[in-house]
Structures are given as structure tokens and as C-alpha cells.
Amino acid sequence: MDAVVYKGEREVAVEAVEEPQIQHPNDVVIDITTTCICGSDLHMYEGRTAAEPGIVFGHENMGIVEEVGDAVSGLEVGDRVVAPFNVACGFCENCENGYTGFCTNVNPGFAGGAYGYVAMGPYQGGQAEKLRIPYADFNALKLPDGREHEDSFALLADIFPTGWHGTELANLESGDSVAIYGAGPVGLMAAYSAKLKGAAEIYVVDRVPSRLALAEEHCDATPINFEEGDPVEQIKEIHGGGVDKGVDAVGYQAIDPDKEADSAYDPARENPAVVINNLIRTVRPTGELGIPGLYVPDDPGAPDEMAAQGRLGIDFGLLFEKGQALGTGQCNVKEYNRKLRDMIIEGRADPSWVVSHRVGLEDAPEMYEKFDNREAGVTKVLLEP
């Protein structure tokens, strides 16, 4: 079958690989109908991880069940499903407590597993024609038959639940004001989640005008361009003080507007602590911060030696002085995906507006390049094998 294979820094190719097989009675194999390119994939694509050439990318996957293991009881051939990016067993202590992003059984020596991602276990990615889903009764979420809501349902694998998770980490409630740093797919979904939850004021910080326009149009957010001035001061000037809640949807490759470089996304402009520190300044005393943005313990391409070890210069003294609380960690998709699915089915939510491109699998190398360059109009790319 064809699959998107990592070749090296900023290079992927569509190549023939072996088809997945049932390896355990709890497995199913699905025919992929939609798989997505994620901002997290760019960390590997850019050579910023220990990913080795040959890995098949793709942790946002949905499709039709083609083959069912003998022990699977809740799924049948022909069922339409979406798979959380978390691979989880369902019965370890963390899974039983709802922390499926931190399963202790699926990836020995590490809490958490995922499809097609470095260090996240031996699970081939789904940017391919087929995918094996382990512990399928637990991991596969059934969807209505047909093609309705295909784009929206595909986002249940990661970015819609992860955006929602960011607001949950910050304990966002109806009537709160919130600042969301990052208008990539997760940031836009966090802003959309804030709107669905009834946030009174939503501020979205980024530098890409087309993405800020989406936040304004679909999330009723106030766009804040950090290239036009200190985002903290811009928000405080409008709001009149610190906001109630904040969300970091950027992570460790954050751009520092005060740094000069040859291009907007030159690594020389990176400051992995800038967003967290801006959030500490943006959120009012006793406010709360949600940090779903990706941070890593090892970063080969970090701007300095400390950041290369995953250690950041965070203004903890100011955080303490302001009595702020924070929550962090990757999303436990199963905590949210069922209710978000039902909101889509009932017409209460439709996150498909974030999708900018649906293309064939063969177009993946071109779309990786465009997405990596943050080209205008490229927000969320869906691949159709």
C-alpha cells in the first residue's frame, strides 16, 4: 500500500510499504478514508526530533473497518470509525482514571502511545491506505454510516478534542475572558471551544493574518498580531487588565517578536518560553493557564543548550506572586471525543471550517512544504488515500 514516509529533514515521500495485519485478537484494520497533517508532524518533518527515516506519519485517522480480530466484540466489518491519536489499553490505572494519553501499557518505559510518532510506540501511522487499531473496542469511536460530516469527524482524532482540552486545563467557564496564543489548528479549535462554552471575550494571538481572520470570523475572537506590538499590552489595552484564563496552543517552537532573523520562521527567532511567560503576564492574579502546546524533554534544534534539555526560563516568581494555576499535558482524547461527536451530529458544533485543503495522498509532500511555510490559506490539510 502507499504511505507517507519520512525521508529526512523537510522531506517526505509517498512510497509502498507493507499493509498492516491483525497482530492481536483485539485489533482491527481499517481502510483510511481521511487522515490529517498535524502541526505536531512538523516537529518530525523539520528534523526537530529523533525520528528516523522510514517512519510512516499520521496520528489523525478515520476510516471503514475492513478486518476484525477474533476478540473484538463492539465493531464489525463496514463500521465507520475515528481513532484517537492516543493508543491506550483501557485497563491500566491511568486509563481507568480517564488519562488515556498516559497509558502505561502500550509503550513500555513511557506513559503514552500514538500512531506514527517518534518515541510513541511501534504503531505505524495512518497517512496511508490502511491502519491497524490495537485495543480496538476501546480506541475506535463509531460514527454514523456514510460520508456526512467527514471533515468534522476527522478532527475528532486530535485537534478538536485538544483545543477543547486546552480550555479544560484552564478551567474555562461561561462568561470568562480568555487569551489563546497560537492560531494554528489547535489554537483555532481552542478559540472555537471557548465560543461553544460561552466565553465572554476571546483574544487570539498569532502573526499570520489569514489565521487571525478565521479566529475573528468563526470564533468571534479579537485578533492580536504579535508582530505589531507586545501582545500582552495589546490585550490589556482592549480588555482593561488581565484576562481570566489563558491557553498556550503554540509549544516549544514559539517565535519571539523581539528577535531578528532572516525569515519569519527562522529558528534564530525561537524562544521556547516566550508564550508561557506572556500568558503569565496576560492572565490576571489567581487566573488559570492551560498548556496543551507541545513541549519536549529533548530538542536537538533548540536555540540554546538549556532549551535543548527541555529546560525553560519561565517567570515562575511572577506566576507564584500572581497565585496562578496551570494545567498541562497532551489531550486524553477519549475524555471528550464522544460528546464532541454528538455535538457535531446534532448540529451544535461544526469545526470543519478550519479545513483548508482536502487532497489526495500523493499530494502530501507538497502540502507538508506549504504547511511548514505557514503559507496563507493553509490551515488544516486532510489527505484522502
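Quick note: numbers below take in every heavy atom, side chains included, and nothing from hydrogens, waters or symmetry partners.
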Which distance, rounded to the nearest 0.5 Å, do you find between the [atom1] of [X] and the [atom2] of [Y]?
| X | Y | atom1 | atom2 | value |
| --- | --- | --- | --- | --- |
| L156 | M343 | CG | CE | 10.5 Å |
| L318 | Q324 | CG | CD | 6.5 Å |
| D158 | C38 | CG | SG | 4.5 Å |

_Residue pair V28 / E67, side-chain heavy-atom distance below 4.5 Å_ = no
*Report the residues that fulfil salt bridge (charged side-chain N to carboxylate O under 4.0 Å, His left out) with R147, sequence neighbours left out, ordered by chain and then residue number.*
E150, E384
*Sequence neighbours excluded, which residues qualify as salt bridge (charged side-chain N to carboxylate O under 4.0 Å, His left out) partners of D256?*
none
*Does the separation of the ring centres of H165 and Y336 fall below 6.0 angstrom?*
yes
_Quick check on the 6.0 Å ring-centre criterion: do Y192 and W353 meet it?_
yes
_Can you list everything that forms a side-chain hydrogen bond (donor to acceptor under 3.5 Å, both in side chains) with E233? Sequence neighbours excluded, please._
none
_Could you go through D145 and R80, starting from their C-alpha distance and side-chain angles, then the distance that decides it, and tell me whether this counts as salt bridge (Lys or Arg N to Asp or Glu O under 4.0 Å)?_
CA-CA 6 Å; D145 293 339; R80 183 189 188 201; over 6 Å; no
*Taking all non-hydrogen atoms of both residues into account, name the closest pair between G101 and N332 and its distance.*
N-OD1, 2.8 Å
*Apply salt bridge (Lys or Arg N to Asp or Glu O under 4.0 Å) to the pair E76 and K142, showing each step before the final yes or no.*
CA-CA 10 Å; E76 299 178 349; K142 290 180 67 171; over 6 Å; no
